[in-house]
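Order of appearance sets the numbers: ligands from 1, and atoms from 1 within every ligand. Residue numbers start at 1 and run along the sequence shown.
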Amino acid sequence: GLNLVVLASGRGSNFKAIQDHIDRGDLAAKIQLVLSDHADAPALDLAQAAGIPQAALAAADYPDRVRFDLALLEKIKAVPCDLIVLAGYMRVLSQVFIKEAPAPIINIHPSLLPAFPGLHAQRQAVDYGVKVSGCTVHLVNDILDGGAIIAQRVVPVLPGDDEDRLAARILAEEHRLYSEVIGKIANGQIKIKDQSVTILD
Ligand code: GAR
């Protein structure tokens, strides 16, 4: 199976959804390590409970972003890694990280990119008044939420939605889409080379 390293800053529901798919036997992958930039991230407790190695690095312990990212890379390079999976990882990665990473990096974002990049994508969608939004899995490059799009799923924005209701509806779709994409990378239906994606049918 595909060896994954997951980076998560917070709640960790996307990490958990991937692990659940693996446990159910419908995703041929193994999460080798969960890393966080927050020692108190619930994602780390979930990893520990699942018996997955996990570690946290604090930005305050490093002089700058590059040094922090190099420490992160060192941890990643110490385990088998075919794919780096950002799952609610809220720190922008430096160019050095992207260049030196031992495997492709993918991210999931709670909007239909290129609409609503950055923080609070679901609130941006509600405030704008769009009638559909969704989620996007994309390659990570040095432009924030700007890498090649791998897959998208549409979610309706319903009358009366606020940020939280829309976020919950999108999140349910994220939990399906991310594992689907990782599964297709694992079985060769999605091929990633440098910053380009090829999808075979
Ligand atoms: C998810 O909705 C994810 O798409 C979003 O943060 C949430 C993390 O939830 N990511 C971003 O906004 C990245 N810019 P989780 O910790 O429960 O997986």
Side-chain angles (χ1 to χ4, degrees), residues 4-23 27 29 31 33-50 52 54-57 59 65 69 72 83-94 97-98 101 104-128 130 132-157 161-183:
L4 313 177
V5 172
V6 174
L7 271 55
S9 296
R11 181 175 56 188
S13 75
N14 274 291
F15 151 66
K16 182 66 166 53
I18 294 164
Q19 185 56 41
D20 287 347
H21 280 98
I22 293 170
D23 289 342
L27 176 56
I31 301 178
L33 177 64
V34 176
L35 289 172
S36 185
D37 56 336
H38 288 288
D40 56 359
L44 295 177
D45 300 324
L46 290 172
Q48 190 161 39
I52 298 168
Q54 37 91 15
L57 278 83
R65 183 177 300 276
D69 279 1
L72 209 57
L83 186 67
I84 298 169
V85 177
L86 307 189
Y89 186 69
M90 303 310 275
R91 264 177 82 82
V92 173
L93 292 167
S94 59
F97 185 98
I98 292 159
I105 312 163
I106 62 174
N107 181 44
I108 190 157
H109 182 80
S111 75
L112 295 174
L113 291 171
F116 313 129
L119 290 176
H120 308 299
Q122 306 94 331
R123 188 194 305 169
Q124 293 183 57
V126 169
D127 288 351
Y128 200 96
V130 293
V132 295
S133 189
C135 48
T136 301
V137 177
H138 64 92
L139 281 181
V140 172
N141 66 8
D142 54 357
I143 300 161
L144 182 66
D145 299 322
I149 290 174
I150 303 172
Q152 293 184 303
R153 212 39 68 76
V154 175
V155 169
V157 183
D161 269 0
D162 59 11
E163 178 182 6
D164 289 346
R165 282 182 51 147
L166 178 60
R169 195 175 305 117
I170 293 173
L171 191 65
E173 207 53 57
E174 292 183 45
H175 293 165
R176 288 185 282 267
L177 182 64
Y178 221 1
S179 287
E180 253 181 62
V181 166
I182 294 166

Quick check: does any side chain N or O of Q124 sit under 3.5 Å from a backbone N or O of P117, one acting as donor and the other as acceptor? yes

Is it the case that the side chain of S9 and the backbone of M90 share a donor-acceptor pair, with hydrogens and angles ignored and the cut-off at 3.5 Å? yes

Looking only at protein heavy atoms, identify the closest one to atom 7 (C) of ligand 1 and say how far it is in Å. R11 NH2, 4.1 Å

Closest non-hydrogen protein atom to atom 6 (O) of ligand 1, residue and atom name please, with distance? G88 CA, 4.0 Å

I108 side chain reached by L86 side chain, heavy atoms, under 4.5 Å: no

Protein heavy-atom partner closest to atom 12 (O) of ligand 1 - residue, atom, separation in Å: P110 CD, 3.4 Å

Nearest non-hydrogen protein atom to atom 16 (O) of ligand 1, with distance, is G12 N, 2.8 Å

Less than 4.5 Å apart, side chain to side chain, heavy atoms only: is that true for I105 and I98? yes

In the protein, which heavy atom is nearest to atom 13 (C) of ligand 1, and how far is it? M90 SD, 3.9 Å

May I ask you to decide if Q152's main-chain N or O and T136's side chain share a donor-acceptor pair within less than 3.5 Å? no

pair L171-R11: side-chain heavy atoms closer than 4.5 Å: yes

Atom 2 (O) of ligand 1: nearest protein contact (heavy atom, Å): E174 OE2, 2.8 Å

Polar contacts were defined as any N/O atom of the residue lying under 3.5 Å from an N/O atom of the ligand; does this apply to Y89 and ligand 1? no

Nearest protein heavy atom to atom 15 (P) of ligand 1, by residue and atom, and its distance? S13 N, 3.4 Å

Among all protein heavy atoms, pick out the one at the shortest distance from atom 14 (N) of ligand 1; state its residue, atom name and that distance to 0.1 Å. H109 ND1, 3.6 Å

Is any side-chain N of the basic residue among E180 and R153 closer than 4.0 Å to the acidic one's carboxylate O? yes

